[in-house]
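Since we're looking at a predicted model, the values are computed, not measured.
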Amino acid sequence: MTSEPVERRTKVWLGAAAFVVVGLVAGVASLRRAHPERTAWPDPSAPLVVAPLSLPPAFGTRRIFLDAGHGAPNNPGNTSALCEREQDFTRSLARDVAAALSRSGPFEVRLSRSGGELVPYAERVQAARAWHADAFVSLHSDVRGRSEPWSPAPGQSCLRNHDAPGFSVLWSDDATEPLRSRRKALAENVATELGAMGLLPYRGKEYHADYAADAGHAGVFVDRHPHANRIFVLWRPSMPSVIVETHNARDDREVLRFREPATRRAFARALARALVRTLTPALSG
């Protein structure tokens, strides 16, 4: 049997897959235009797109160091609108994302922490370097907006607001080339894919002088803290590194959406697509 029919079927399948993806994205946009108050993230009915993952020839296996943010000595992170500590949220999310990335095929994933241990950030960066990681991705949640006390359950009291939902991707330009450009590409690719899946990019109103917005990529911000206060996991890794602030932890709507397995699957796929694009030189930029 010749390969021509197989090639023809492959082209037809790829064309159909592309048509479906375009249709899904267009459908999400159409729903948002028709019912912006009901279908926009983080509304429970807001749809998310899980796009296919296409691998370039000879992509191979790439090592991803996935950092569950906080969980360092004296650094549990924020407390969410549902009274959950950030270090617990990021540990749970990192486990799910690591499993999804590993299942997708081209990634070997190592977690910075998986149990109740407290791991200093310097040890995480050192571990990533010793493992020869291709990328360092630190998962976090953010706190923004003017919050008010509320009680999500009897006996609980925490802070809540609906003023500043959305994700942000942070990076540092404190590096020489080519690392600087690779960090920027990773940040921009992650933000692009998160936006395409249906998440809302944060516009940075409360970031003030700490971060500078990327005018060409919504949700991307470069670290502008004073030199002594630079964010360690952004400037110190020797491989491309970003922080993904997945959502505003003070927004209970976003907290609930990020507890959904479907949201975590879509997030992991978006991250996988961004990593493939960044770690394939011909696709970068």
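Side-chain atoms of Glu254 never come within 3.5 Å of backbone atoms of Asp252 as a donor-acceptor pair (strictly under, hydrogens ignored). Not a single donor-acceptor pair under 3.5 Å links the side chain of Glu123 to the backbone N or O of Ala127. A donor-acceptor pair under 3.5 Å is formed between the side chain of Thr246 and the backbone N or O of His140. A donor-acceptor pair under 3.5 Å is absent between the side-chain atoms of Arg63 and the main chain of Ala135, judged by distance alone. Between the Thr61 side chain and the Phe107 main chain, no donor and acceptor come within less than 3.5 Å of each other. Looking at Arg269, its side chain does come within 3.5 Å of a backbone N or O of Ala51 through a donor-acceptor pair. With hydrogens and angles ignored, the 3.5 Å screen pairs a side-chain donor or acceptor of Thr90 with a backbone N or O of Gly69. Side chain of Trp150 to backbone of Ala81: a donor-acceptor contact under 3.5 angstrom is found. Under a 3.5 Å cut-off, the side chain of Thr278 and the backbone N or O of Ala274 do form a donor-acceptor pair.
Criterion: ILVMFWY side-chain heavy atoms under 4.5 Å apart, direct or through other members. Under it, Val137 and Val233 are not part of a common hydrophobic cluster. Residues Leu186 and Leu55 are members of one and the same hydrophobic cluster, defined by side-chain heavy-atom contacts under 4.5 angstrom among Ile, Leu, Val, Met, Phe, Trp and Tyr. Under a hydrophobic clustering in which Ile, Leu, Val, Met, Phe, Trp and Tyr are joined whenever their side-chain heavy atoms come within less than 4.5 Å, directly or via other members, Val143 and Ile231 fall into different clusters. Taking hydrophobic clusters as Ile, Leu, Val, Met, Phe, Trp and Tyr residues chained together by side-chain heavy-atom distances below 4.5 Å, Phe167 does not share a cluster with Leu256. One hydrophobic cluster, built from ILVMFWY side chains closer than 4.5 Å, cannot hold both Leu66 and Met239; they sit in different ones.
Residues Asn78 and Ser141 have side chains that bring a donor and an acceptor to within less than 3.5 angstrom of each other. Ser80 and Glu84 share no side-chain donor-acceptor pair at under 3.5 Å.
Ser147 and Asn161 get closest at one heavy-atom pair: OG-ND2, 2.9 Å. Between Arg203 and Ala218, the shortest heavy-atom contact is NH1-CB, 3.4 Å. For Pro56 against Thr280, the heavy-atom pair with the smallest separation is CG-OG1, 3.6 Å. Scanning both residues, Leu159 and Arg250, for their nearest heavy atoms gives O-CD, 3.4 Å. When all heavy atoms of Ser92 and Arg264 are compared, the pair lying nearest together is OG-NH1, 2.8 Å.
Distance CG/Leu234 to CZ/Phe221: 13.5 Å, rounded to 0.5 Å. Put simply, OG1 on Thr263 and CG on Leu93 are 10.0 Å apart, with the number rounded to the nearest 0.5 Å. Taken from CG in Leu275 to CG in Asn189, the straight-line distance is 9.0 Å, to the nearest 0.5 Å. Atom NE2 of His208 and atom CD of Glu206 lie 6.0 Å apart (nearest 0.5 Å). Expressed to the nearest 0.5 Å, how far CG of Leu279 lies from CZ of Arg62 amounts to 5.5 Å. Expressed to the nearest 0.5 Å, how far CG of Leu48 lies from CG of Leu199 amounts to 6.0 Å.
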Q. Would Arg273 and Ser104 count as a side chain to side chain donor-acceptor pair (under 3.5 Å) if you check the C-alpha gap in whole Å, the side-chain angles of each, and the deciding distance to 0.1 Å?
A. CA-CA 10 Å; Arg273 287 170 56 87; Ser104 68; over 6 Å; no

**Q.** Full working for side chain to side chain contact (heavy atoms under 4.5 Å, CB included) between Val255 and Arg259
**A.** CA-CA 7 Å; Val255 174; Arg259 288 184 176 182; 4.1 Å; yes

Q.
Test side chain to side chain contact (heavy atoms under 4.5 Å, CB included) on His162 and Arg160; report intermediate values, then the result.
A. CA-CA 7 Å; His162 290 176; Arg160 176 177 69 164; 4.2 Å; yes

Q: Starting from the C-alpha separation in whole Å, work towards a yes-or-no answer on side chain to side chain contact (heavy atoms under 4.5 Å, CB included) for Tyr207 and Ser168.
A: CA-CA 11 Å; Tyr207 280 175; Ser168 62; 2.7 Å; yes

Q.
I'd like to know whether Ile64 forms a side chain to side chain contact (heavy atoms under 4.5 Å, CB included) with Glu108, so could you lay out the CA-CA distance, the side-chain angles of the two residues, the decisive distance to 0.1 Å, and finally the verdict.
A. CA-CA 6 Å; Ile64 309 303; Glu108 184 179 352; over 6 Å; no

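Annotation: cation-pi geometry not satisfied between Arg265 and Phe267 (NZ/CZ under 6.0 angstrom from ring centroid, within 45° of ring axis). Both tests do not hold together for Arg183 against Trp171: distance to the six-membered ring centre under 6.0 Å, angle to the ring axis within 45°. A cation-pi arrangement, defined by a distance under 6.0 Å to the six-membered ring centre and an angle within 45 degrees of its axis, is present between Arg144 and Tyr202.
Between Lys184 and Asp173 the shortest side-chain heavy-atom distance does not fall below 4.5 Å. Residues Glu86 and Thr79 are not in side-chain contact: their nearest non-hydrogen atoms beyond the backbone lie 4.5 Å or more apart. Between Cys158 and Leu82 there is no side-chain heavy-atom pair separated by less than 4.5 Å. Contact of the Glu193 side chain with the Met197 side chain is not registered, since no non-hydrogen atoms from C-beta on lie closer than 4.5 Å. Taking 4.5 Å as the limit, every side-chain heavy atom of Ile243 sits out of range of all side-chain heavy atoms of Val169. Contact of the Tyr211 side chain with the Asp223 side chain is registered, since non-hydrogen atoms from C-beta on lie closer than 4.5 Å. Put simply, the side chain of Val119 does not reach to within 4.5 Å of the side chain of Ser112, judged on heavy atoms. The closest side-chain heavy-atom distance from Val242 to Leu170 is not below 4.5 Å.
Electrostatic pairing of Arg124 and Asp67 counts as a salt bridge here, judged by a charged N lying under 4.0 Å from a carboxylate O. Salt bridge status for Arg257 with Glu260: present, with a side-chain N to carboxylate O gap under 4.0 Å.
Side-chain rings of Phe232 and Tyr121 stay apart, their centers remaining 6.0 Å or farther from each other. Outside the 6.0 Å centre-distance limit, the rings of His70 and Phe89 are not counted as a close aromatic pair.
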